[in-house]
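Report on one structure; see the data block that follows.
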Amino acid sequence: MQRHLITSAIPYINGVKHLGNLIGSQLPADLYARYQRARGNEVLFLCATDEHGTPAELAAAKANQDISEYCEEMHAVQAQLADGFRLSFDHFGRSSSQENHKLTQHFAGQLEAAGLIKEVIETQIYSHVDRRYLPDRYIEGTCPACGFEDARGDQCDNCTKQLDPTDLINPRSSISGATELEQRETKHLYLCQSNMRDNLENWIESKTDWPVLTTSIAKKWLHDGDGLQDRGITRDLDWGIPVKKGNSPWPGMEDKVFYVWFDAPIEYIACAQEWVNAGIHTLSFPATILGSGEPWKLVDYIKSFNYLNYDGGQFSTSRGRGVFMDDALKILPADYWRWWLLSHAPESSDSEFTWDNFQSSINKDLADVLGNFVSRVTKFCRSKFGEEIPSGGDYGQAEGSLIDNLASQVKCYEKYMEKIEIRKAASELRAIWALGNEYLQSSAPWSVYKEDEGTAAAQIRLALNLIRIYAVLSQPFIPTTSEKLMLAMDCDDWSWPENVLEATNTLIAGAKFTVPEMLFQKISDEECENWRSQFSGTR
RNA sequence: GGGCCUGUAGCUCAGUUGGUUAGAGCAGAGCGCUCAUAACGCUUUGGUCGCAGGUUCGAGUCCUGCCGGGCCUACCA
């Protein structure tokens, strides 16, 4: 038995995520976690919300809420949506947890002891009216280069010039519009990533099996310009993890908190402690971890994704364009979305969601190929033999070759799942479903029944067993449907079909089953039309 | 501006270290079946593999340039 610790990028607390976010992180992780569990391996699948930072504070203020209340509420919302999509987290934590406070402070202390932290005096903009320091992008003003009046402190949206907030003419707070801004010198901690460069490079070079997308970005950062830059890891904010060296105070850093990018990834580990309060082997953030000098387990594999586009453009959180997780569940069950998203995962390049494609995929794959298979088998059996697994007859040559084919396709499916080649795994699974229809067509129990009831019974017995096997194999993709199938077969044996011949004899003659309700309702043209216009923008 | 990824049948995508007639699903066409959500099965029509050169006995698969899509990043590789 293997042990797997699986996480995905942790979603920011601010707002409901769209389907592009979902397929880019949590959903593939869930697929893999479910698969590994199904194979009998020990899995700890963790996720959490990333809760610190200015955007969250401002969202809370806008909602007229205390920041901690806001986060608590939004965490509950996200947890509920995750549940709705059947994301099988063993724990869904929060980067604001006490465990993360402790662990983040611990890492900072270790890094300091290792000589990897330095103090830097930097200049930040303080707004008296807002009574807070403002990040660059929350300062607006006139661009010195092109005269654009709404340039942001980090970049001018008009001429794309990179800016410092101090470059702006007539700078103002984008929150309050206040112009009483003051440049203040403030002391912050920096992580000396540059000292870690060789260490990191060796580690990344060793990861030859990672996607190019993952390593090329890392290498770029390592080699570009002056190489890896040291980065500030603290901020002057109220909401966050207080700066400490382990349990001890950090002189001169009172009233400061760690910067969100430092504490958020540590939550990968901390949320495991929220779950199992013990030392664990886990993964995380290389510079921090390597630098700690402690024997933390580093991540083995990182799967990265491209983007899912929406109907000719991009999903947009700010413009409310595309389908968001909450709306998605309001119009269709989770399995519909899971199937489409996973079978079209943007693995090698961007992929695109269109309603036409969605409609035809769902109707064909789920309703026709899988749903109708279950329907024709169970209804035929009910009408000829009643609602129990029929007895009589034996498997013959046709059944033998079906079982052989199924066995080799299951192996193929396993191979893709192991390698996390999601689209290929999905198409293999679909081919396995189709195998059932091919078998029925060629064995034609409805004709055989007229001459030889026993043989027809054996054929249907096999087909009913296929339904159970499909439930097991399909569970990582469409868990709710799998449960319905199992329930219909009145069975609770989720064992993986290691031996397909055995697996086709799991449901034995005489056992009861029921004809399930229609598994998948087809999507009509009208529905598609309505949704297309409903989700075209600004929800 | 730089770096990286990408452009294959109407649509969504596969194409291993360059090697015989470029594949799948959907859509289209034909045939078959009738148990089933007018579902299923079989057969089949579609591609000068973005464009132009080059290397090679041979390139979708390597090199150069151009055009298009995307990502990362920035007074610099």
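In this text the structure is predicted, and so the values were computed from the model without any measurement. Here is the naming used below: chain letters follow the sequence lines, and residue numbers restart at 1 for every chain.
- With the nearest nucleotide of RNA chain B identified for both A/N357 and A/E421, A/N357 has the one nearer the 5' end.
- Candidate nucleotides B/rG41, B/rC33, B/rU37 were compared by shortest atom distance to the side chain of A/W446, and B/rC33 ranks first.
- Side-chain proximity of A/N372 to B/rC13, B/rA36, B/rC40: nearest is B/rA36.
- Between the CZ atom of A/F380 and the P atom of B/rC40 there is a distance of 19 Å, given to the nearest Å.
- Partners of A/E428 by salt bridge (charged side-chain N to carboxylate O under 4.0 Å, His left out), not counting sequence neighbours: none found.
- Residue A/K424 places no side-chain N or O under 4.0 Å from the OP1 or OP2 atom of B/rC13.
- When the P atom is used for both B/rA39 and B/rA22, the distance is 34 Å, rounded to whole Å.
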Atom pairs, N/O to N/O, protein against nucleotides 26-28 of chain B, distance under 3.5 Å?
residue : atom : partner : partner atom : Å
B/rC26  : OP1  : A/R430  : NH2          : 3.4

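- Between A/E122 and A/R235 there is a salt bridge, with a side-chain nitrogen of the basic residue lying less than 4.0 Å from a carboxylate oxygen of the acidic one.
- Taking the side chain of A/A434 as heavy atoms from C-beta on, and the options B/rC35, B/rU37, B/rG41, the nearest nucleotide is B/rG41.
- The CG atom of A/L464 sits 12.0 Å away from the CZ atom of A/R468 when rounded to the nearest 0.5 Å.
- Across the C1' atoms, B/rA77 and B/rG15 are found 35 Å apart, a figure rounded to whole Å.
- Here A/K384 lies out of heavy-atom contact (under 4.0 Å) with every strand.
- Within a heavy-atom distance below 4.0 Å of RNA chain B, the residues of residues 512-531 of chain A found are A/M518, A/L519, A/F520, A/K522.
- For A/I121, the CD1 atom counts as densely surrounded, since its 6.0 Å shell holds more than 12 non-hydrogen atoms of other residues, nucleotides or ligands.
- One atom, CZ of A/F373, and another, C1' of B/rU37, lie 15 Å apart when rounded to the nearest Å.
- Distance check on atom P: B/rA59 versus B/rA27 gives 36 Å, rounded to whole Å.
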For this session: I would like to know whether A/Y12 and A/I10 meet side chain to side chain contact (heavy atoms under 4.5 Å, CB included); could you show each step before the answer?
Result: CA-CA 7 Å; A/Y12 197 62; A/I10 63 178; over 6 Å; no

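- Comparing B/rG70 with B/rG10, their C1' atoms sit 24 Å apart, to the nearest whole Å.
- A/D490 and A/K512 are not joined by a salt bridge, as no carboxylate oxygen comes within less than 4.0 angstrom of a charged side-chain nitrogen.
- We find that A/K411 and A/E414 are joined by a salt bridge, their nearest charged nitrogen and carboxylate oxygen being less than 4.0 Å apart.
- Following rounding to the nearest Å, A/I460 (CD1) and B/rA36 (C1') show an atom-to-atom distance of 11 Å.
- Between the CD atom of A/Q441 and the P atom of B/rG32 there is a distance of 13 Å, rounded to whole Å.
- Comparing the C1' positions of B/rU34 and B/rC42 gives a spacing of 15 Å, expressed to the nearest Å.
- Taking atom P in both B/rC62 and B/rU20, the straight-line distance is 15 Å, to the nearest Å.
- The side chain of A/E438 lies closest to B/rG41, out of B/rU37, B/rA14, B/rG41.
- Using atom P as the reference point in both B/rA9 and B/rA24, the two lie 14 Å apart (nearest Å).
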